[in-house]
Amino acid sequence: MDINHYLILSALLFATGAVGVIFKRNVISLLLCIEIMLNAANLSFIAFSRFLGQVHGQIFVFFVMVVAAAEAAVGLAIAIVLFRNRETLSVDDADLMKW
Amino acid sequence: MEALVFYTLGAIALGAAVAVVAFRKVFYSALSLILCLTSVAGLYLLLEAPFMAAVQVIVYAGAIMVLFLFVIMLLDPFSGGVHPDKRKYLRVLGPALGSIMLLLLFPMLQAYDLAMAPRSPDASPEAVGSVENLAMVLFDQYLLPFEVTSVLILVAIIGVVVLAKRRT
C-alpha cells in the first residue's frame, strides 16, 4: 500500500463530511459530520507520519483530538442552550444573526 | 493481505460515513459514526500507530461519542423528530459540490510523489509509532503546546458550565 491510497480515502471521507455539513439540518448531525472531517484529516496525518518515518504527524493528531473533544463539548452545550431557547434543533430556525 | 485489510476497513469507514450523512435519525447517524471511527482506528493500526489507534477508540469512539449520545438522548425525543428540509436545492448542491471537490483533489493526490518529501533517514516505522518515542517527543519538543492544551480544556469546561447553567 502506498500513501496515495490513504490520501484518497481521506479525501473521500472529508468530502462525505463536507457534503453532510452542507445539507444536514440538525445541529447535532452537523457536529457529527464535522467529526468525520476531523477524522479524515487525522488519517492523512497518520499516513504521512508512517510513510515519512516522522513522529510529528501523530503528535499533531493528538492535539487535533483534544481540540475535537473541546469543540464537541462546547458545541453540544450550545445545542442544549439553542433547544432551551428555541424548542428546536434545526439550524434553519437559528437564523437570528444571519442577515 | 495488507491491501485486503486496507480495502475492507476503508470500505467500512466510507460506508459508515455515508450512512452518517444518509440516515435521517440523528441517533442512527451517531451509531454509524462510531463504526466509522473504529474502522479508522483499524487503519491506524495498519499504519503502525498502535497508540493513536488506542486513543482513537478510547477518546473518540468512547468518550466523545458517549457525550453525543447523551445529548441526543436528552434532546431528540422532544425535538419533533426529523426536521423538514426548507431548502430542497441543498440536496442537489451538496453532493455536487462534494464531487467537484473530489474531482479537484483526485489528480493531485494520485500524482503525489513521496520521494519529493523530506525524510528522516534513521527512524524505522515501528520505532516511530511506539509509545516511548511518542512520549519522548511530546514531553520534550512539544511540552509547551501540551501545557497550553490544558488551558484550552479548562476554558472549554468553564464555557460548557456557563452555557448549560440554567438561568434562574
Side-chain angles (χ1 to χ4, degrees), chain A residues 1-9 11-13 15-20 22-26 28-29 31-33 35-36 39 42-43 46-56 58-59 61-63 65-70 72-74 76-81 83 87-90 92, chain B residues 2-3 6 10 13-14 17-18 20-21 26 29-30 33 36-37 40 43-44 47-49 52 55 59-60 64 67 71-72 75 79 83 85-86 90-91 93-95 97-98 101-102 105 109-110 112 114 117 119-120 123 125 128-129 133-134 137-138 142 145 149 152-153 156 159-160 163-164:
Chain A
M1 300 308 303
D2 52 357
I3 192 171
N4 302 62
H5 285 81
Y6 287 97
L7 292 182
I8 287 173
L9 175 64
L12 284 168
L13 280 174
T16 311
V19 168
I22 291 174
F23 82 62
K24 282 285 195 181
R25 298 268 63 91
N26 187 318
I28 298 176
S29 300
L31 286 171
L32 291 175
C33 292
E35 299 293 331
I36 297 180
N39 249 275
N42 283 353
L43 184 60
I46 301 250
F48 273 112
S49 161
R50 159 75 174 74
F51 287 101
L52 295 179
Q54 289 181 339
V55 76
H56 306 281
Q58 298 193 21
I59 303 281
V61 170
F62 218 80
F63 290 120
M65 280 178 178
V66 173
V67 173
V74 175
L76 289 170
I78 291 174
I80 289 177
V81 173
F83 183 75
E87 300 278 309
T88 178
L89 283 177
S90 169
D92 288 329
Chain B
E2 199 194 341
F6 171 78
L14 196 58
V18 170
V20 171
V21 178
V26 65
S29 288
L33 182 58
C36 178
L37 297 178
V40 170
L43 286 172
Y44 289 177
L47 286 167
E48 286 164 271
M52 296 321 293
V55 170
V59 175
Y60 241 119
I64 297 182
L67 189 68
V71 173
I72 292 169
L75 299 185
S79 68
H83 299 294
D85 207 341
K86 284 184 183 168
L90 284 180
R91 299 224 150 249
L93 190 66
L97 286 177
M101 192 170 90
L102 280 179
L105 277 174
L109 295 183
Q110 227 150 20
Y112 176 74
L114 205 59
R119 277 168 176 278
S120 63
V128 163
N133 190 26
L134 264 176
V137 177
L138 183 61
Y142 288 92
T149 295
L152 174 74
I153 292 185
V160 168
L163 274 174

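Residue numbers start from 1 in every chain, and the chains themselves are labelled A, B, ... in the order their sequence lines are given, proteins ahead of strands.
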## Note on the structure
Bottom line for B:V26: the part with an atom under 4.5 Å from chain A's heavy atoms is both
### Query
Out of curiosity, A:Y6 OH to B:L43 CG, how far, rounded to the nearest 0.5 Å?
6.0 Å
### Query
For B:M101, is it the side chain, the backbone, both or neither that has a heavy atom under 4.5 Å from a heavy atom of chain A?
side chain
### Task
Counting only heavy atoms closer than 4.5 Å, note whether A:V61 contacts chain B via side chain, backbone, both or neither.
both
### Task
Applying ring-ring contact (aromatic ring centres under 6.0 Å, His included), name anything that partners B:Y112, two or more places apart in sequence or on another chain.
A:F48
### Task
With a 4.5 Å cut-off on heavy-atom pairs, point out which of A:L7, A:L12, A:I22, A:L32 contacts chain B the most.
A:L32
### Task
Under 4.5 Å heavy-atom distance to chain A, tell me which part of B:L33 shows up: side chain, backbone, both or neither.
side chain
## Note on the structure
When the 4.5 angstrom heavy-atom criterion is applied to B:L97 and chain A, the contacting part is side chain
#### Entry: Top of A:V19, A:V66, A:L9, A:I3 for chain B proximity - count of heavy-atom pairs under 4.5 angstrom
A:V19
### Message
Keeping A:S49 on the side-chain end and A:Q54 on the backbone end, is there a donor-acceptor pair under 3.5 Å?
### Response
yes
### Task
Kindly indicate whether the side chain of B:Y60, heavy atoms from C-beta on, has any atom under 4.5 Å from the side chain of B:V40.
no
### Message
Do A:L13 and B:C36 have side chains that approach each other closer than 4.5 Å (heavy atoms only, starting at C-beta)?
### Response
yes
### Task
Can you measure from CG (B:L134) to CD (A:Q58) and round to the nearest 0.5 angstrom?
5.0 Å
### Query
Looking at residues at least two apart in the chain, or sitting in another chain, which of them share a side-chain hydrogen bond (donor to acceptor under 3.5 Å, both in side chains) with A:D2?
A:H5
### Summary
So, the part of B:I153 with a heavy atom under 4.5 Å from chain A: the answer is side chain
### Task
Select one option (side chain, backbone, both, neither) describing which atoms of B:L105 are under 4.5 Å from chain A's heavy atoms.
side chain
